[in-house]
Amino acid sequence: MTLDFLGTLQRTQMCGELRAEQAGQDVVLMGWVNRRRDHGNLIFLDVRDRTGITQVVLDHEQAGEAHAKAEAARSEFVVAVKGRVRRRAAGLENPNMPTGEIEVVANELLLLNESKTPPFSPAEDAIANEEVRLKYRYLDLRRTEMQHNFALRSRVAMAIRNFLVDEGFLEIETPFMTRSTPEGARDYLVPSRVHAGTFYALPQSPQIFKQILMISGFDKYFQIARCFRDEDLRADRQPEFTQIDLEMSFPQMENIFRTAEGFLVAAFNAAGIKLTTPFVHMTYDEAIKNYGIDKPDMRLPAMVSLDDLLPPDLRTTLKIEQGLPILGFVIPGVGELSGSARKALLNEVRGGFGDCGLDLLDVVRLRTSPDFAPLADAISAALAKGLGVDALSPDDLITVVTPKLGTPAKWNHDPQWIYKRVGALRLQLGTKYAEKHGRFAKTGTESDFKFCWVTDFPMYEWDEEAKVWNAAHHPFTSPHEEDIKAGRLTNDKGAVRALAYDIVLNGTELGSGSIRIHRQDVQAEIFRSLGMTDEEAHERFGFFLDALEYGTPPHGGIALGLDRIVMILAGATSLREVIAFPKTAKAIDLMVDAPTPVSDLQLRDLHLRTVSRS
RNA sequence: GGGGACGUAGCUCAGUUGGUUAGAGCGCUGCCCUGUCACGGCAGAGGUCGCGGGUUCGAGCCCCGUCGUCCCCGCCA
C-alpha cells in the first residue's frame with residue numbers, strides 16, 4: 001500500500017465541531033477511520049478524533065482518486081480529508097450524532113498511515129476483556145468513553161489548581177526519591193548506585209515535606225502529587241496514585257474544610273454538577289453508631305438503635321443478651337418479599353453471621369403473633385421516624401439485628417464490633433438490592449453525591465497481634481488539647497481523640513487530613529506513647545524533630561485522591577478507567593510488561609544480587 | 001497470605017449426562033452495490049478449547065497441578 005505524505009497540509013477543524021452553519025465551507029479533517037460503509041461507487045468514511053465523528057462522502061464520479069483510496073482504507077487507518085461541508089438532504093440527517101446535520105464531501109483523501117486489524121474496535125461499545133484492553137491500551141484509550149474520562153480528569157485537575165492558586169496557595173514540588181519510613185504502607189525502594197547498600201524510597205505521601213514547607217513559611221502549599229504504596233490492589237487502589245495534597249499554617253479545622261469544599265465545588269462544576277456546601281459533619285463515634293463504619297454511605301438510611309423498645313424482661317423472653325445494642329435499619333423500596341424469599345434472606349444473613357452471636361428478628365413474623373405484634377409495630381414506627389416518614393411501606397425491607405444470649409461485648413477488643421457488623425450488613429443488603437431501590441442510580445445531579453466530613457477519629461488503634469497501640473492516622477496528627485492535658489496519652493490511649501478528619505463521598509473515603517503537632521515536646525511524647533524510644537524516634541524522624549524546634553507554626557492540611565474523585569464523576573467503578581496506564585491486580589503493567597528482571601550488569605552497579613525464596 | 005468468579009476463533013459468547021467433523025454473532029478476506037450511518041447481499045478463511053499431567057475405549061466437559069485476569073478479606077500509619 002502506498003501511503004501519502006502530509007506535506008504542508010494543516011487541519012482546519014476537529015471532527016466533532018462541524019454543524020449546519022458551516023455548510024459550504026472548505027475544510028481539512030484528520031483522524032482515524034471509525035467505520036467504512038462501501039456502497040460501490042459511493043463510500044462513507046466516519047472519521048474520528050478526540051472531539052467526535054464526521055461522516056465523509058466519497059463519490060466515484062466526483063472524486064475518482066479519493067474514492068479509490070477510500071476503497072483501500074480500513075478501520076483505524078489515519079486519514080486526512082480535504083472537502084466541502086454539505087448540509088445533508090432532508091431525511092438523511094443522523095440525529096444520533098452531533099455532526100449528523102452535515103457531511104463532508106471529499107475531493108481529496110490522504111492515507112497518512114495504515115493500521116493492522118485491531119484486536120478490538122475502538123468504535124464498538126461492547127468492551128473487550130480488561131486484559132486485552134490493557135495490553136492494547138493505546139486502542140482502548142481511543143474509545144469515546146475513555147477520551148471523555150481523561151478530558152474530564154484534565155478539567156477537574158485544572159479547576160482545582162485554579163481554585164487553590166486563587167486562594168493564595170503555592171504549588172511546590174517535593175521529591176520522588178526520598179527517605180524510607182517503615183511505618184504504614186510498604187515503600188517502593190530505589191537502590192542507590194553511589195552509596196552501596198542504601199535505598200531511596202518513593203513517597204507514600206509528601207506528608208513530612210509539606211509540614212516542613214510550613215516551617216519554611218510558605219503558609220499555603222498544594223501539590224497534585226503522585227504517591228506510591230507497595231500494597232495489594234483493589235478496584236479503588238493502585239500502587240501509584242495522585243493526591244491533591246495541601247497544607248496551611250495557622251488554620252482552624254473549618255479553614256481546611258472550607259478550602260477542600262471550595263475546590264470540590266470547582267471540580268464538580270467542571271463536570272457540570274453544582275454542589276451545595278457546607279457538607280454534613282459527624283464525629284467518628286456518630287458515624288459508627290449510625291452507620292457502623294467510618295465512611296458512611298449516606299445514600300442509604302442510617303441504622304436506628306432499638307434498645308428502648310426492648311427492655312430487660314422482653315430481652316429475656318426473646319433470649320437476647322442484656323446491655324448490648326439492638327440495631328435496625330431499612331432498605332427502602334426493595335419490594336415486598338414472598339415468604340420463601342424472606343426466609344432465604346434470613347438464612348443467608350444468619351449464615352453470614354456464623355457463630356459471632358448475632359441473630360435477626362423476623363419482624364414480619366412477629367407481626368402475626370398477638371403477643372409480639374405491638375413490638376413489631378413499635379419497631380416499624382421507630383424506623384419510620386428515623387427515615388422521616390409517617391409509616392413504612394410494605395416494600396421497605398426491615399432488618400433488625402439482635403445479640404443472642406452469651407454474645408461477647410467485645411470482639412478483638414473492639415466494643416463497637418456489633419455496630420460495625422450491622423453496618424457491613426446494611427451495605428451488603430444495599431448492594432444486593434441496588435437495582436430495586438435505585439438509590440445508587442446516576443441522575444447526573446447533586447443528589448447522586450452524598451458528602452460528609454467525619455471528625456474526631458481515635459488517635460490510637462490497638463493491634464491485638466503485636467499487642468501495641470498504633471497511630472490510627474499518622475504520628476504527626478495532633479490529639480485534642482484536652483486529651484493531652486488530661487494525661488490520656490499515657491493513661492487511656494483508647495479514649496484519645498485526634499484532630500483528624502476524613503471526607504467521604506458515597507461510602508468512599510476521598511481524603512483525610514489533620515491538624516498536625518507543631519511542638520517538639522508534644523511530638524516526642526506521641527512517639528513515646530507509640531512505644532518508640534527517643535533514640536528510635538530520632539533515628540527515623542530526627543531531621544523532622546530538629547526542624548520542629550525552629551519556630552514551627554501551628555499547621556494542618558488534607559489530601560484527597562484525585563483518581564477517586566474523577567472515578568466517581570465519570571461513573572466508573574474502577575480507578576483503571578481514569579488512570580491512563582494502570583496496573584493489574586498483581587501490580588503488572590500489561591502494555592509495557594513491567595516489572596522485568598534487569599541485567600546482571602545493572603544489578604552489579606547497584607550492589608544488588610537477587611535471591612529466590614523457596 | 002486466604003476466599004470466590006472466569007479462561008473455547010481477533011472480540012463477545014454458546015457448547016446437554018464424557019460420544020461422530022467444536023458452533024453463533026461481530027470482526028476479517030474476496031466479489032457485488034450511489035444514501036448508508038451497527039449499511040446490505042453472496043462467498044470464504046479463521047481453533048494447541050490457557051498450560052501440564054491424570055482417569056477413560058473416548059475429555060472442551062471429570063480429577064490433580066499450574067499460569068493469567070477480575071472481585072473480596074487480610075494489608076493500605
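Here is how names work: the chains are called A, B, and so on, in the same order as the sequence lines, proteins then strands, and each is numbered from 1.
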Expressed as a whole number of angstroms, how long is the span from [X]:[atom1] to [N]:[atom2]?
X        : N     : atom1 : atom2 : result
A:Met591 : B:U69 : CE    : P     : 16 Å
A:Lys432 : B:C72 : NZ    : C1'   : 16 Å
A:Asp232 : B:C75 : CG    : P     : 11 Å
A:Leu42  : B:G40 : CG    : C1'   : 14 Å
A:Lys420 : B:C73 : NZ    : P     : 15 Å
A:Phe120 : B:C28 : CZ    : P     : 15 Å
A:Met97  : B:C37 : CE    : P     : 12 Å
A:Glu93  : B:U36 : CD    : P     : 12 Å

Which value, in whole Å, describes the distance between the [atom1] atoms of nucleotides [N] and [M]?
N     : M     : atom1 : value
B:A5  : B:C42 : C1'   : 42 Å
B:C61 : B:U17 : C1'   : 10 Å
B:C70 : B:G23 : P     : 33 Å
B:A14 : B:G50 : P     : 13 Å
B:G7  : B:G60 : C1'   : 12 Å
B:U69 : B:U12 : C1'   : 16 Å
B:U21 : B:G15 : C1'   : 15 Å
B:A22 : B:U66 : C1'   : 25 Å

Could you check which nucleotide pairs with [N] in any of the strands shown, counting Watson-Crick or G-U wobble with both distances under 3.5 Å?
N     : result
B:G58 : none
B:U34 : none
B:U12 : B:A24
B:A43 : B:U29
B:G7  : B:C67

So, is [X] close to the [N] phosphate, meaning a side-chain N or O under 4.0 Å from OP1 or OP2?
X        : N     : value
A:Arg74  : B:U29 : yes
A:Arg37  : B:C39 : yes
A:Thr117 : B:G10 : no
A:Arg234 : B:C73 : yes

- Task: Anything under 30° is parallel, anything over 60° is perpendicular, the rest tilted; go ahead and classify A:Trp411 against A:Trp417.
- Result: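 Correct class here is tilted.
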From the set [options], return the single nucleotide nearest to any side-chain atom of [X].
X        : options             : result
A:Ile588 : B:C70, B:U69, B:C28 : B:U69
A:Asp59  : B:U34, B:G74, B:G35 : B:U34
A:Arg576 : B:G35, B:C70, B:U34 : B:C70
A:Pro119 : B:C70, B:G68, B:G10 : B:G10
A:Arg88  : B:C70, B:C71, B:C37 : B:C37
A:Glu103 : B:U36, B:C72, B:U69 : B:U36
A:Gln55  : B:C71, B:C11, B:G35 : B:G35
A:Asp38  : B:G35, B:C28, B:C33 : B:C33

- Query: Judged by atom type as modelled, is there a donor-acceptor pair below 3.5 Å linking the side chain of A:Gln55 to the main-chain atoms of A:Ile102?
  - Reply: no
- Under 3.5 Å, side chain of A:Glu108 to main-chain N/O of A:Val81, donor-acceptor pair present? no
Taking donor-acceptor contacts at under 3.5 Å, does the side chain of [X] reach the base of [N]?
X        : N     : result
A:Asn129 : B:G7  : no
A:Glu124 : B:U12 : no
A:Arg86  : B:G35 : yes
A:Glu231 : B:G74 : no
A:Arg237 : B:C76 : yes

- Task: Specify the closest pair of heavy atoms between A:Gly571 and A:Lys442, including all atoms of both residues, with the distance to one decimal.
- Result: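 In terms of heavy atoms, the two residues are closest at CA-CE, 3.8 Å.
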Can the ring centroids of [X] and [Y] be said to lie less than 6.0 angstrom from one another?
X        : Y        : result
A:Phe541 : A:Phe527 : yes
A:Phe209 : A:Tyr221 : no
A:Phe544 : A:Phe476 : yes

- Query: Does A:Arg36 or A:Leu233 map to a spot on RNA chain B nearer the 5' end, using the closest nucleotide for each?
  - Reply: A:Arg36
- Item | Toward the 5' end of RNA chain B, by each residue's nearest nucleotide, A:Pro118 or A:Gly184 |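 Its nearest nucleotide being more 5', the pick is A:Pro118.
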- Item | Matching residue for A:Gln13 among A:Val27, A:Val85, A:Thr54 - test: side-chain contact (heavy atoms from CB on, under 4.5 Å) |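 That would be A:Val27.
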Is [X] touching bases, backbone alone, or none of the nucleic acid, heavy atoms closer than 4.0 Å?
X        : value
A:Glu461 : nothing
A:Glu130 : sugar-phosphate
A:Ala472 : sugar-phosphate

- Item | Donor-acceptor side-chain pairing of A:Asp187 and A:Gln204 below 3.5 angstrom |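 Yes, side-chain donor-acceptor contact under 3.5 Å.
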- Stacking between A:His39 and the base of B:U36 (centre distance under 5.5 Å, interplanar angle under 30°)? no
- Query: Does the side-chain ring of A:Phe44 lie flat on the base of B:U36, meaning centres under 5.5 Å and planes less than 30 degrees apart?
  - Reply: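 Yes, aromatic ring over the base.
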